[in-house]
Amino acid sequence: MSVLLKTLGFSLGLTLLFTLVTYILPQVEGEAPVEKAVDLSALTMDDFIALGEDLFNNKGTCTLCHKPAPLGRAPDIQGADMVSLINERLADANYQGEAKDAAGYILESMIEPGRYVVPTWGKKGTNDTESPMPAVDKAPIELSSIEMDAIIAYLQAKDGNEVTVSLPSPEEAESVAGAEAIASGSAALPTPAATAEEALGKFACSSCHALDSADTLVGPGLVDIGARLSKEEIRQSIIDPNAVIAEGFPAAMPADLAEKMTVKELELLVTYLAEKK
Ligand code: HEC
Ligand code: HEC
């Protein structure tokens, strides 16, 4: 075969491959909505704890940051005994919050993360005065107070500690926006981000990547990513981050981000990043 033919064959192969990849991509959906029949009037504490675990892993996006070292971007609260951990926090002379017990501390951490910043875990460059954790009762995560109670119940129960939050009464549950959706299980899915900026916050991209500079946080700054990588390469670095590791960086980007996104969120991110030149 002539060199020309080989080259042609090769680029044809590549084109086919890309076509195939883009064809397969729309199948990479976020977690399919699973029907979880939680009837609020018959809700048991075990259901409530299970709901909390689901919220922690999915809608709450907690595990994007809270997971075991070395991948974790936050204290490994799933691996720690919450009650002894929290007793330590409350006894810290620097603790300035208002919580008196474990449930209060977990709630405060979720709605006012900056109230107490766990030493060494503050936002880079703020000397532990600012928390990188988003307030999870605000958009885009927007957990309701019942959903936050469910997470507290889960975090207490996972170590065999006493659960001190009470089950919502059916009336209470109904008065909370979204409770019906919780009951049907669909609310346990994260609300899809509507803009690229929202998606960057929701998937914690911005806690590892500077977006408006070339500064290194955990990963490379993305200010000129569109000039460095093609759209396909950007897409691949999100879907399969370990396929190509940026030189000089650890393979620290979570490999399951795309599984947690809708196709639309992925495309919002890819388009936005490709335009950063
Ligand atoms: C973008 C990353 C991120 C996300 C998402 C996130 N957290 Fe955090 N969280 C942190 C960081 C970093 C800290 C430590 C700094 C601080 O104290 O605020 C923290 C601290 C905490 C603490 C205090 C831990 C301790 O050791 O005292 C709790 C409790 C907590 N988060 C719960 C949650 C829950 C529940 C969710 C999900 C609903 C969540 N976080 C989502 C980053 C995150
Ligand atoms: C826990 C930290 C972390 C999170 C969260 C994270 N990344 Fe990364 N990312 C990295 C690291 C580290 C690298 C470099 C190593 C590699 O190439 O995998 C990287 C590489 C990249 C690259 C390739 C950069 C280059 O110069 O080649 C892109 C693009 C990217 N990330 C986009 C994203 C987007 C979009 C999100 C959110 C959906 C995200 N990242 C979330 C840590 C993270």
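Atoms within each ligand, like the ligands themselves, are counted from 1 in listed order. Keep in mind it's a predicted model, so treat the numbers as computed, not measured.
What sits closest to atom 13 (C) of ligand 1 on the protein, heavy atoms only, is Pro75 CD, 3.6 Å. Closest protein heavy atom to atom 11 (C) of ligand 1: Ala74 CB, 3.5 Å. The shortest contact between atom 4 (C) of ligand 2 and any protein heavy atom is with Cys208 SG, 3.3 Å. Scanning all protein heavy atoms for the shortest distance to atom 37 (C) of ligand 2 gives Cys205 SG, 1.9 Å. For atom 33 (C) of ligand 2, the closest heavy atom belonging to the protein is Met253 CE, 3.4 Å. With hydrogens left out, the protein atom closest to atom 17 (O) of ligand 2 is Ala246 N, 2.8 Å, a heavy atom.
Heavy-atom proximity to Val118, at under 4.0 Å, picks out these atoms of ligand 1: 15 (C), 16 (C), 17 (O), 25 (C), 26 (O), 27 (O). Close contacts of ligand 1 with Arg73, meaning ligand atoms under 4.0 Å from a residue heavy atom, involve 12 (C). Residue contact check: Pro113 has heavy atoms under 4.0 Å from atoms 18 (O) of ligand 1. Within the listing of ligand 1, atoms 12 (C), 14 (C), 15 (C) sit less than 4.0 angstrom from a heavy atom of Trp121. Each of the following atoms of ligand 1 lies closer than 4.0 Å to a heavy atom of Val136: 38 (C). In summary, the atoms of ligand 1 found under 4.0 Å from a heavy atom of Val117, numbered by their order in the structure, are 16 (C), 17 (O). Atoms of ligand 1 found under 4.0 Å from any heavy atom of Ser131, numbered from 1 in the order shown, are 15 (C), 16 (C), 18 (O). Close approach of ligand 2 to Pro254 (heavy-atom distance below 4.0 Å) involves ligand atoms 1 (C), 3 (C), 4 (C), 5 (C).
Assignment of Leu217 to the shell around ligand 2 is not supported, since no heavy atom sits closer than 4.0 Å. Under a 4.0 angstrom heavy-atom cut-off, Asp128 registers as lying outside contact with ligand 1. Ligand 2 has at least one atom lying under 4.0 Å from a heavy atom of Met261. Note on ligand 1: Thr61 sits in its first shell, one or more heavy atoms being nearer than 4.0 Å. Distances from ligand 2 to the non-hydrogen atoms of Ala251 include no value under 4.0 Å.
Between the choices Val244, Leu257, Leu273, the shortest heavy-atom distance to atom 41 (C) of ligand 2 belongs to Leu257. Among Arg89, Met133, Lys123, the residue whose heavy atom sits closest to atom 39 (C) of ligand 1 is Met133. Residue nearest to atom 36 (C) of ligand 1, selected from Pro119, Cys62, Gly201: Cys62 (by heavy-atom distance). Summarising the contacts of atom 15 (C) of ligand 2 with Pro241, Pro250, Cys65, the nearest heavy atom is found in Pro250. With Gly226, Gly219, Pro220 as candidates, the residue nearest to atom 24 (C) of ligand 2 on a non-hydrogen basis is Pro220. Counting heavy atoms only, His209 comes closest to atom 6 (C) of ligand 2 of the residues Gln236, Arg235, His209, Arg228. In the candidate list Glu147, Met110, His66, Glu88, His66 is nearest to atom 20 (C) of ligand 1, counting heavy atoms.
Looking at Pro134 against ligand 1, only its side chain comes within 4.0 Å, counting heavy atoms. Residue contacts with ligand 2 for Leu64 are absent, since no atom lies close enough (heavy atoms, distance under 4.0 Å). The part of Tyr105 lying near ligand 1 is the side chain, judged by heavy-atom distances below 4.0 Å. Residue Leu143 touches ligand 1 through its side chain alone, judged by heavy-atom distances below 4.0 Å. Looking at Leu85 against ligand 1, only its side chain comes within 4.0 Å, counting heavy atoms. Residue-level proximity to ligand 1 for Ile77 is carried by the side chain, the only part with a heavy atom below 4.0 angstrom. When heavy-atom distances to ligand 1 are checked against a 4.0 Å cut-off, Ile151 comes that close only through its side chain, counted from C-beta outward.
For atom 8 (Fe) of ligand 2, the N/O/S atoms of Ser237 include none lying under 2.8 Å. Atom 8 (Fe) of ligand 1 has no N, O or S atom of Ser109 closer than 2.8 Å.
Between the side chain of His209 and the main chain of Val218, no donor-acceptor pair closer than 3.5 Å is present. With hydrogens and angles disregarded, a donor-acceptor distance shorter than 3.5 Å links the side chain of Asp159 to the backbone of Met82.
Electrostatic pairing of Lys158 and Glu53 does not count as a salt bridge here, judged by no charged N lying under 4.0 Å from a carboxylate O. The pair Lys276-Asp212 meets the salt-bridge criterion, with a side-chain N (NZ, NE, NH1 or NH2) lying under 4.0 Å from an Asp/Glu carboxylate O.
With no hydrogens or angles considered, a side-chain donor-acceptor pair links Tyr154 and Gln78 at under 3.5 Å.
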Evaluate side chain to side chain contact (heavy atoms under 4.5 Å, CB included) for Met133 paired with His66, printing each intermediate quantity in order. CA-CA 10 Å; Met133 174 165 156; His66 291 283; 4.1 Å; yes
